[in-house]
Amino acid sequence: MIAIIDYGAGNLHSVKKAFNFLKKETIVATEPKDLKEINKIVLPGVGAFEAAINKLKENGFYEIIKNWLINNRPFLGICLGMQLLFEESMESKESKGFGIFKGKCLKFEKGKVPQIGWNEIEIKKNSPLLTGIKNKTYFYFLHSYFVEPIDSEIIVATTNYYKNYPSIIEKGNIIGVQFHPEKSGEMGLKLLRNWVEKC
């Protein structure tokens, strides 16, 4: 069973609809007790770093998810859900993320912000997540901030928007994608299927 965390900062309908299309069983978790009998967590997100962290703490999800991550259990962070894996964001230096990865989130300094629309990924290393997905495949992006990891070894793919930045990160069973696979058509669905079946 896959849990999609509902903390008021994600496009849950689209994410759940994508997994339903793939015939994968999901539950939208609105409180910690919903996380019984699950084996994978999806943390979607659109919005502000500080508000998301505060909401996760208010709802009782923060410590549960952090322990899940520390124990290297299957996890997919989408957009803001990926950024929350890091220590902090320049959006709000007072708020700390899960800190699973060393590094921070920075704001784009050039171009139209947020970046909205289709952009391609440059694959840097092999991953089961990208089985059947070619280099330069386009995915749908919507974000103003990007992650800057200390450890470059976690970077699976990058994307260029006036600068190169990580668009897929992975370490063990913990994966983050900066784009929205649930809005990325056939290749987005393929990536989600790979995550469920191969990662």
Side-chain angles (χ1 to χ4, degrees), residues 1-7 9-46 52 56 61 64-86 98 100-101 118-121 123-143 147 154-159 166-199:
M1 174 79 78
I2 302 164
I4 303 169
I5 305 295
D6 180 4
Y7 61 109
N11 189 357
L12 300 181
H13 177 72
S14 294
V15 175
K16 183 167 178 56
K17 186 177 178 181
F19 282 112
N20 287 347
F21 181 84
L22 295 171
K23 295 180 171 57
K24 305 300 180 183
E25 191 175 4
T26 62
I27 180 172
V28 174
T30 58
E31 52 187 328
K33 71 178 181 61
D34 296 332
L35 299 181
K36 296 176 181 178
E37 309 299 328
I38 65 154
N39 50 32
K40 289 177 181 280
I41 285 180
V42 178
L43 186 66
V46 177
L56 286 167
F61 281 126
I64 293 172
I65 293 174
K66 185 160 186 176
N67 287 333
W68 184 279
L69 293 166
I70 288 170
N71 287 301
N72 191 32
R73 301 189 68 186
F75 177 93
L76 175 65
I78 297 174
C79 196
L80 178 61
M82 166 177 161
Q83 295 175 9
L84 295 174
L85 293 170
F86 287 80
F98 289 110
I100 297 302
F101 297 130
W118 296 84
N119 205 341
E120 63 186 19
I121 63 169
I123 298 173
K124 299 299 181 182
K125 62 194 297 185
N126 292 330
S127 169
L129 184 73
L130 295 174
T131 302
I133 297 175
K134 296 180 179 179
N135 194 32
K136 306 291 188 182
T137 292
Y138 278 78
F139 291 92
Y140 185 83
F141 291 79
L142 171 56
H143 62 119
V147 300
I154 69 172
I155 300 173
V156 171
T158 61
T159 293
S167 48
I168 303 176
I169 57 170
E170 178 180 352
K171 185 174 183 180
N173 291 317
I174 301 170
I175 293 174
V177 295
Q178 184 58 71
F179 49 83
H180 290 271
E182 76 280 6
K183 296 182 178 180
S184 297
E186 182 182 354
M187 289 298 101
L189 290 171
K190 181 179 284 291
L191 183 141
L192 290 175
R193 184 185 294 279
N194 287 344
W195 178 67
V196 175
E197 298 179 357
K198 301 180 184 296
C199 296

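Numbering starts at 1 and runs along the sequence shown. The structure presented is a predicted model; accordingly, all values stated were derived computationally and were not measured.
- In terms of heavy-atom proximity, L129 sits nearest to W195 at CD1-CB, 3.8 Å.
- A salt bridge is defined here as a Lys NZ or Arg NE, NH1 or NH2 lying under 4.0 Å from an Asp or Glu carboxylate O, and K24 with E197 meets this definition.
- Evaluation of the side chain to side chain contact (heavy atoms under 4.5 Å, CB included) rule for K136 yields E120, E122 as partners, not counting sequence neighbours.
- Closest approach of G45 to H180, counting heavy atoms only: O-CE1, 4.1 Å.
- Counting all heavy atoms, side chain and backbone alike, N194 lies closest to T131 at ND2-O, 2.8 Å.
- The salt bridge (charged side-chain N to carboxylate O under 4.0 Å, His left out) search around E37 returns none, not counting sequence neighbours.
- Of the N and O atoms on the side chains of K16 and T26, at least one donor lies less than 3.5 Å from an acceptor on the other residue.
- Aromatic pair Y140/F179: centroids not less than 6.0 angstrom apart.
- Nearest heavy-atom pair, S167 versus M82, reported as atom, atom and distance to 0.1 Å: O-SD, 4.3 Å.
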Distance-only check: which donor-acceptor pairs under 3.5 Å involve side-chain atoms of residues 70-79, not counting sequence neighbours?
residue	atom	partner	partner atom	Å
N71	ND2	N67	O	2.8
N72	OD1	N173	N	2.8

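- When every heavy atom of K40 is checked against every heavy atom of C199, the shortest pair comes out as NZ-O, 3.1 Å.
- N135 places a side-chain N or O within 3.5 Å of a backbone atom of I123 that can act as its donor or acceptor partner.
- The minimum heavy-atom distance linking I174 with L69 is given by the pair CD1-O, 3.3 Å.
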